[in-house]
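To keep things clear, I will list the structure first and then write my remarks on it.
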Protein chains: 2
Amino acid sequence: MPSPPKTSDDAIIAAARKLVRRHGRDGFSLAHVAAAVGIKAPSLYGRFADRSALVAAVELSLWRELGQALSRAPRRTDPVAALSELARAYRAFAKANPREYALLFDARAEHSVKATEARTASMAPALPTFVALVGESAALAAARVLTPFLHGFVTMELAGAFRLGGGIDAAFEHGVATILEGLVQRRRAPRRAGQRRRKQRTR
Amino acid sequence: MPSPPKTSDDAIIAAARKLVRRHGRDGFSLAHVAAAVGIKAPSLYGRFADRSALVAAVELSLWRELGQALSRAPRRTDPVAALSELARAYRAFAKANPREYALLFDARAEHSVKATEARTASMAPALPTFVALVGESAALAAARVLTPFLHGFVTMELAGAFRLGGGIDAAFEHGVATILEGLVQRRRAPRRAGQRRRKQRTR
DNA sequence: GTCTATACTAAGATAGAC
DNA sequence: GTCTATCTTAGTATAGAC
């Protein structure tokens, strides 16, 4: 008779995620994962095609988790205040899960359809607030200003790029406030600080 | 008699850099580097303590190169226009050297004093322009808004995060313009869009 | 589905001779 | 400074039995 399952796909993904958390995307072996769930490395191949398939599964679960973290941010009626809270929640997630966060933006990741969908879905909680801030037509463009700032800021922070001194929290708040102000400003008087005219597409 | 040198430290660094360009920070071995300069792998240990020391040397030369790329950006008298050009030059460098760029911000890098200095020096060409835009006291804070955006944008672009559709160039221009407008705006009427008061340190 | 055994590949680093 | 030879360690993945 066939061996009864000692573990489950989900348990394996969870174990791999824990290893990513501690050692980073490349810092663990399949043997480590297997040991964590009480099986041997070769048995993993019965459940995942190869190492990268397992990592991809971890990535999916992380996007979900990021989306949840954002949706738990404090609600505010004022869009500026609401987006500030979302920004803080985003940064908090990245700082609490630095290696997981790095995995999400690893350039070596395979861009599967599922991964792209999960990435988009994770940002969905913020979209209505962008709409409230700058209107339907400019919401996506606005998200493409704030989101890169957030990603860049936390990445640089985690990489130790802000070594010149304290005030990192203040710098973050200042950055978010500046960008939100710029977005509001441009909504009122579009195309003022610009010096060069290009066609503007929302997406 | 001792063997005459077949190569030089600089040639080795250049060869390593070329391999980084093609295969990424972890995509080549010391044997590859050695072969590229016509020696054998063990000989490298006579010149570099280990692999990471060689990678660190590559990193230093890359910071220099980024600084040069920025200093070659078109000059403009208007600070907003000047910073827009610098932003374009920054993005162009990252897109032309994606793996080298990734190396510069790899979280696993050792944060040596030299690396920190080189990083700072690479940004130096932009500082006077920030001063012209927002004044001496706010220049560094301003740089800490635009720079993370730039880094975040190009990183996301390289990681394939903007899969939802075209207009990436336009999105970049829009982001830069929005941020510069926010900076100018805040200079005129500090603390308007903010909703929460925190102490603001320039550095 | 899981196991043992193993093939396969590869890389970093050191010893000691020239 | 460079070489050959070697140590050491490690990991992914497959074959075939239970």
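Each chain gets a letter, A, B and so on, in the order the sequences are listed, and its residues count up from 1.
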Checking C/dG1, D/dT2, C/dC3 against the side chain of A/Lys6 (C-beta onward), the nearest is C/dC3
Checking A/Arg21 now: which residues fulfil side-chain hydrogen bond (donor to acceptor under 3.5 Å, both in side chains) with it, not counting sequence neighbours? A/Asn97, A/Glu100
Would you please name every residue forming a side-chain hydrogen bond (donor to acceptor under 3.5 Å, both in side chains) with B/Arg108, sequence neighbours left out? B/Asp26, B/Asp106
Quick one: ring-ring contact (aromatic ring centres under 6.0 Å, His included) pairs with a partner in residues 64-84 of chain A, sequence neighbours left out? none
Which residue pairs pass the ring-ring contact (aromatic ring centres under 6.0 Å, His included) test with at least one member in residues 77-97 of chain B, sequence neighbours excluded? B/Tyr90-B/Tyr101
Those residues that, when tested against A/Phe149, pass ring-ring contact (aromatic ring centres under 6.0 Å, His included) (two or more places apart): A/Phe153
What is the per-nucleotide protein-contact pattern of nucleotides 10-15 of chain C, from the 5' end, where B denotes a base atom under 4.0 Å from a protein heavy atom, S denotes such proximity for sugar-phosphate atoms only, and - denotes neither? -SSBB-
Result block: side-chain N/O donor-acceptor pairs under 3.5 angstrom for residues 54-64 of chain B, not counting sequence neighbours:
residue, atom, partner, partner atom, Å
B/Glu59, OE2, B/Trp63, NE1, 3.1
B/Ser61, OG, B/Val58, O, 2.9

[atom1] of [X] versus [atom2] of [N]: gap in Å, rounded?
X       : N      : atom1 : atom2 : answer
A/Phe48 : D/dT14 : CZ    : P     : 16 Å
B/Arg47 : D/dC3  : CZ    : P     : 10 Å
B/Leu44 : D/dT2  : CG    : P     : 9 Å
A/Lys40 : C/dA5  : NZ    : P     : 11 Å

Does any part of the side chain of A/Leu83, heavy atoms only, come nearer than 4.5 Å to the side chain of A/Leu180, both counted from C-beta? yes
Any non-hydrogen side-chain atom of B/Met156 less than 4.5 Å from a side-chain atom of B/Ile168? no
Check: protein-nucleotides 7-9 of chain D nitrogen or oxygen pairs below 3.5 Å:
none

With sequence neighbours left out, what residues match B/Lys95 under salt bridge (charged side-chain N to carboxylate O under 4.0 Å, His left out)? B/Glu157
List in numerical order all residues of residues 10-23 of chain B for which some heavy atom is under 4.0 Å away from an atom belonging to DNA chain D. none
Is there a side-chain contact between A/Ser43 and the phosphate of C/dG1, meaning an N or O under 4.0 Å from OP1 or OP2? no
Just list the side-chain donor-acceptor pairs under 3.5 Å for residues 44-51 of chain A, sequence neighbours left out, or say none.
residue, atom, partner, partner atom, Å
A/Arg47, NH1, A/Asp9, OD1, 2.5
A/Arg47, NH2, A/Thr7, O, 3.0
A/Asp50, OD1, A/Ser52, N, 3.3
A/Asp50, OD1, A/Ser52, OG, 3.0
A/Asp50, OD1, A/Ala53, N, 3.0
A/Arg51, NH1, A/Arg25, O, 3.3
A/Arg51, NH2, A/Arg25, O, 3.4
A/Arg51, NH2, A/Phe28, O, 2.4

Test: side-chain hydrogen bond (donor to acceptor under 3.5 Å, both in side chains). Region: residues 30-43 of chain A. Which pairs qualify, not counting sequence neighbours? A/Ser29-A/His32
